[in-house]
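Read the numbers this way: they start at 1 and go in the same order the structure lists the ligands and their atoms. Computed from a prediction, not measured in an experiment: that's the story for all the values here.
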Amino acid sequence: MNFSIIRVARTILNVTDLDKSRAFYVDALGFIETERTNDHIYLRGLEEAHHHSLILQKAEKPSVEAIGYKVEKEEDLEALESFFLSKGMKMKWMQEGTQHALGKSLRVQDISGLPVEFFSKMDKAERLLQRFDLHRGSRVQRIDHVNCCVTNVQKAYDFYVKELGFACSEDTVDESGQLWATWLHRKQTVHDQAFMNGIGPRLHHVGFFLPDPLAIIHACDVLASLGYAQSIERGPGRHGLSNAFFLYLRDPDGHRIELYNGDYLTSDPDTEPIHWDLNDPRRQTFWGAKAPDSWFDEASAVLDIISGEEVTLEEPILAKSKPEFII
Ligand SMILES: [Fe+2]
């Protein structure tokens, strides 16, 4: 391949009430508001030196407009276009100036039907890592990953690993040995992109990196103090898979956000993937606690990159939608 994808870099979430969303993301979770317009709020974490990693966009219904990847250089976008053309995939250019604070981008409906975009340029912003006076709420540092429900995890794995150059850090197989979930990365952590077997295509969650596990505990306290206890869906806990300390939240529109800390370096090309059995209770929560049904059943709709309509959902090829615990 003659292009280089750097990392997952932003997500565009459609939300129904910008003020409610701002109260949750800025006042409670401590995201930095880079800019607000009539229809958009641009948010970033404390260590991020670019304009935003999360856009909240006013809309009639909650949905996901795009998952954004940063590429190394502008020429990579043309190379990606040629590649997607050769595969006959639906795509469109958005020229510089079309999207605020962003250079030109290439959008594609990926192999699973997810709206994915690639760009190389975004406006810079001040890195606030050492502005400790501004650190609030969960002290969000940066976007870490997205996790999506897809109907055919093996197909998504093959496309992202063999065609786009991702590496696999960990995976999960079901009783028959078929791939149920996979954790893939371009940057040198456990993942930029995870895929799980489920009704799809949907965005399951966006993960943001926090400075330490105590920041997650403090986030719970702040959320509860502000009346957001019901927004805590799962955790805090530790994943067996990825070793991350985690907390899952549902925002005012039901989009799922993960606060995340504690994974590990995956830079060496000879790093071997870790394989998990779907029904190993330590896989999803190392301490053994079950995830609630909502965590397996609910996720955000994604949009068609051309029509802007919700992408039609399909049933997954693997029947099992959630693990069965032996203990
Ligand atoms: Fe995650």
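Note on His145: counted as a metal contact of the Fe ion (ligand 1), an N/O/S atom lying under 2.8 Å. Among the atoms of His205, an N, O or S atom falls under 2.8 Å from the Fe ion (ligand 1).
Considering just the N/O/S atoms of Glu258, the one nearest the Fe ion (ligand 1) carries the name OE1.
Checking each of Ile41, Leu43, Leu46 against Phe31 for a side chain to side chain contact (heavy atoms under 4.5 Å, CB included) leaves exactly one that passes, namely Leu43.
Note on Lys20 versus Asp253: no salt bridge recorded, every NZ/NE/NH1/NH2 to OD/OE distance being 4.0 Å or above.
Under a hydrophobic clustering in which Ile, Leu, Val, Met, Phe, Trp and Tyr are joined whenever their side-chain heavy atoms come within less than 4.5 Å, directly or via other members, Met91 and Tyr160 fall into the same cluster.
Cation-pi geometry between Arg10 and Phe119 is satisfied (NZ or CZ under 6.0 Å from the ring centre, within 45° of the ring normal).
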